[in-house]
Amino acid sequence: MANREKNKKTLLELAKLSQNCCCADCGAADPDWASCTLGIFVCLNCSGTHRNLPSVSRIKSIRLDFWDDELVQFMKANGNRAAKNFYEKFVPVFYYQPQPDDCEVLREQWIRAKYERMEFTEKNRERPYTAGVFEGMLWKKGKDNGQFLERKFVLSVHDFTLKYYKEDESKGPKATISVKDLNATFQPEKIGHAYGLQITYCVDHHTRNLFVYHKNGQEIVNWFNAIRAIRHVYLKTAFPTASDGDLIPWITRNYLKEGYMEKTGPLQREPFKKRWFILDSLNRKLLYFKTQLDAIELGVVFIGSENHGYSVRECVPKGTRGNKWKCGVIVETPDRQFVFMCEQERDQREWVEALKTVISKPMMPQDYTTEANIRRRR
């Protein structure tokens with residue numbers, strides 16, 4: 001008969017080993033669950049997806065459930081490192097591997113891709129997102145009435161473009177978007193759909209957004225990784241001497257901070273207006289929009305480094321009018337002072353911390369070009 005306490009102690013010791021102390025799927029620390037059929041340790045969030053794969057994975061708590069001796073020996077013989085070496089052996093370098101804070105669809109499809117579809121166990125396996133052309137239908141937010149309408153999208157590595165069409169495809173694409181500055185990030189809460197994706201690009205140094213979703217989780221993640229695949233090819237072409245390690249952060253990125261703040265004008269006597277802000281730390285841009293689902297930015301503030309005269313601090317501005325919020329943030333630049341107001345002190349602290357993170361980083365050569373382009377717009 002199995003010794004319950006002995007097996008529990010053994011499992012807890014296995015979970016503390018360096019190869020098992022983080023979730024096998026998202027990297028979260030201190031996993032309390034395990035798949036006794038795959039031999040891996042996982043976190044609570046990822047265990048939920050495993051429970052939906054009964055033919056592949058059987059989940060048990062390493063603290064609360066009863067474990068037979070044979071299952072404990074199986075966990076000893078396997079573990080996260082062994083599973084990674086088998087199930088993730090041929091993951092493409094561009095393929096996004098979710099982190100603990102990522103949305104559910106990314107975690108779910110990563111887990112399904114590994115253990116259910118076994119997409120990464122064979123070197124030359126065909127994957128839809130690695131084709132030279134990826135096309136299909138997505139639901140896109142309309143510009144006029146805000147409704148989501150089904151549109152055809154075509155992503156092509158041959159000319160490095162993303163195109164989308166209205167109902168009559170014979171009239172040509174409604175828009176042709178270069179992948180040069182293309183970014184994609186999942187935004188389920190903002191878009192109001194579990195599979196919502198925000199696609200961002202630049203036109204004449206101005207940022208534009210497309211908000212799309214698909215009704216199938218696997219399909220929207222395939223779109224996301226198809227965008228990452230073409231971005232990787234583009235970056236390898238544009239920067240042939242750069243390593244994959246240097247290029248991966250530039251393929252796609254999540255934004256460091258988003259949310260509403262109130263903003264006043266350059267004289268600081270203009271009425272405060274509520275705006276949606278996005279901090280793109282990689283490009284050192286603080287973008288603002290009228291609402292969180294606006295297609296076109298209203299403006300942008302370049303966030304340079306401390307050595308170049310940029311700083312941020314909390315404040316309580318005096319003599320302002322029209323502002324409903326009282327938690328201030330001041331951003332100093334070589335050209336002017338920007339004053340923003342947050343609704344709560346927590347928001348104020350988070351914005352100051354996020355902006356300090358950007359300001360503390362040294363500027364790269366391309367940042368000076370970005371700074372000059374933004375200054376020319378004023």
Side-chain angles (χ1 to χ4, degrees), residues 19-20 22-28 31 34-43 45-59 74-99 102-136 154-158 160 179 184 186 195 197 214 216-237 242-249 251-252:
Q19 62 265 37
N20 297 326
C22 293
C23 174
D25 297 321
C26 75
S35 170
C36 61
T37 50
L38 297 172
I40 58 174
F41 295 86
V42 297
C43 69
N45 286 334
C46 291
S47 72
T49 297
H50 280 268
R51 291 184 189 280
N52 293 326
L53 306 176
S55 62
V56 175
S57 184
R58 181 183 169 202
I59 286 290
F74 180 77
M75 296 301 297
K76 269 188 178 182
N78 290 276
N80 291 5
R81 182 180 298 167
K84 182 181 181 69
N85 290 339
F86 178 72
Y87 291 105
E88 301 179 29
K89 188 172 184 179
F90 299 108
V91 177
V93 66
F94 62 81
Y95 194 98
Y96 187 81
Q97 301 182 33
Q99 305 300 304
D102 279 320
C103 63
E104 183 179 349
V105 69
L106 278 171
R107 282 200 312 272
E108 178 193 0
Q109 291 305 316
W110 168 238
I111 291 168
R112 288 185 179 276
K114 284 198 295 182
Y115 309 119
E116 186 178 56
R117 300 192 292 269
M118 299 184 69
E119 290 185 15
F120 313 120
T121 57
E122 298 176 20
K123 185 174 183 179
N124 297 317
R125 176 167 179 167
E126 289 188 10
R127 306 176 184 94
Y129 42 81
T130 59
V133 176
F134 190 82
E135 62 180 75
V154 178
L155 185 66
S156 175
V157 74
H158 306 301
F160 291 123
V179 304
F186 277 92
Y195 306 150
L197 191 68
H214 197 281
N216 180 277
Q218 181 180 349
E219 189 68 16
I220 196 65
V221 173
N222 280 347
W223 267 105
F224 179 60
N225 282 301
I227 290 172
R228 288 180 60 85
I230 192 173
R231 281 279 299 160
H232 182 245
V233 175
Y234 171 81
L235 291 170
K236 292 288 283 186
T237 304
S243 67
D244 283 332
D246 292 331
L247 297 179
I248 286 173
I251 295 178
T252 61

*How long is the span from the OG1 atom in T49 to the CZ atom in R107, to the nearest 0.5 Å?*
6.5 Å
_Closest non-hydrogen atom pair, G245 against P249_ = O-CD, 3.4 Å
*Is any side-chain heavy atom of F186 closer than 4.5 Å to a side-chain heavy atom of V221?*
yes
_Name the residue from W110, F86, F90 that meets the ring-ring contact (aromatic ring centres under 6.0 Å, His included) definition with F120._
W110
_salt bridge (Lys or Arg N to Asp or Glu O under 4.0 Å) contacts in which one or both residues fall within residues 218-231, not counting sequence neighbours_ = none
*So do I111 and V42 actually touch side chain to side chain, heavy atoms under 4.5 Å?*
no
*asked:* Is any side-chain heavy atom of I40 closer than 4.5 Å to one of N78?
replied: no
*Got a sec, which pairs hit salt bridge (Lys or Arg N to Asp or Glu O under 4.0 Å) with one end in residues 82-96, sequence neighbours left out?*
K84-E88, E88-K114
*Kindly check if the number of other-residue, nucleotide or ligand heavy atoms within 6.0 Å of CD (E104) is above 12?*
no
_Side chain S57, main chain S35, donor-acceptor under 3.5 Å_ = no
*Where is the tightest heavy-atom contact between C23 and C43, given as atom of each residue plus distance?*
SG-N, 3.4 Å
*Indicate yes or no: at least one non-hydrogen side-chain atom of L38 is less than 4.5 angstrom from one of V56.*
yes
_Looking at every non-hydrogen atom in both residues, tell me the closest pair between G217 and Y195 and how far apart they are._
N-CE1, 3.3 Å
_Set of residues satisfying side-chain contact (heavy atoms from CB on, under 4.5 Å) with respect to C22, sequence neighbours excluded_ = none
_I'd like to check V93 versus I248 (side-chain heavy atoms, cut-off strictly below 4.5 Å). Are they in contact?_
yes
*With sequence neighbours left out, write down each residue that passes salt bridge (charged side-chain N to carboxylate O under 4.0 Å, His left out) with K236, or none if nothing qualifies.*
D244
_Checking E116 now: which residues fulfil salt bridge (charged side-chain N to carboxylate O under 4.0 Å, His left out) with it, not counting sequence neighbours?_
R112
*Return the set of residues passing side-chain contact (heavy atoms from CB on, under 4.5 Å) with D102 (not counting sequence neighbours), or none when no residue passes.*
Y96, P98, Q99, L106, N254
*Looking at CG of L197 and CD1 of I220, how far apart are the two atoms once the value is rounded to the nearest 0.5 Å?*
5.0 Å
*For T237, which residues count as a side-chain contact (heavy atoms from CB on, under 4.5 Å) partner, sequence neighbours excluded?*
F160, V233
*Separation of E108 CD from C46 SG (nearest 0.5 Å)*: 11.0 Å
*Closest heavy-atom contact between M118 and T121?*
O-OG1, 3.3 Å
*Pairwise distance CD1(I251) to CD1(I230) - rounded to 0.5 angstrom*: 12.5 Å
*Listed partners of A226 passing side-chain contact (heavy atoms from CB on, under 4.5 Å), at least two apart*: Y129, F134, L155
_Test of understanding: with ring pair (Phe, Tyr, Trp, His ring centres under 6.0 Å), list the residues that count as partners of Y115, not counting sequence neighbours._
H50, Y87
*Would you list the pairs meeting salt bridge (Lys or Arg N to Asp or Glu O under 4.0 Å) in which at least one residue belongs to residues 119-133, sequence neighbours left out?*
R117-E119
*Could you state the interatomic distance from CZ (R58) to CG (L53), rounded to the nearest 0.5 Å?*
15.0 Å
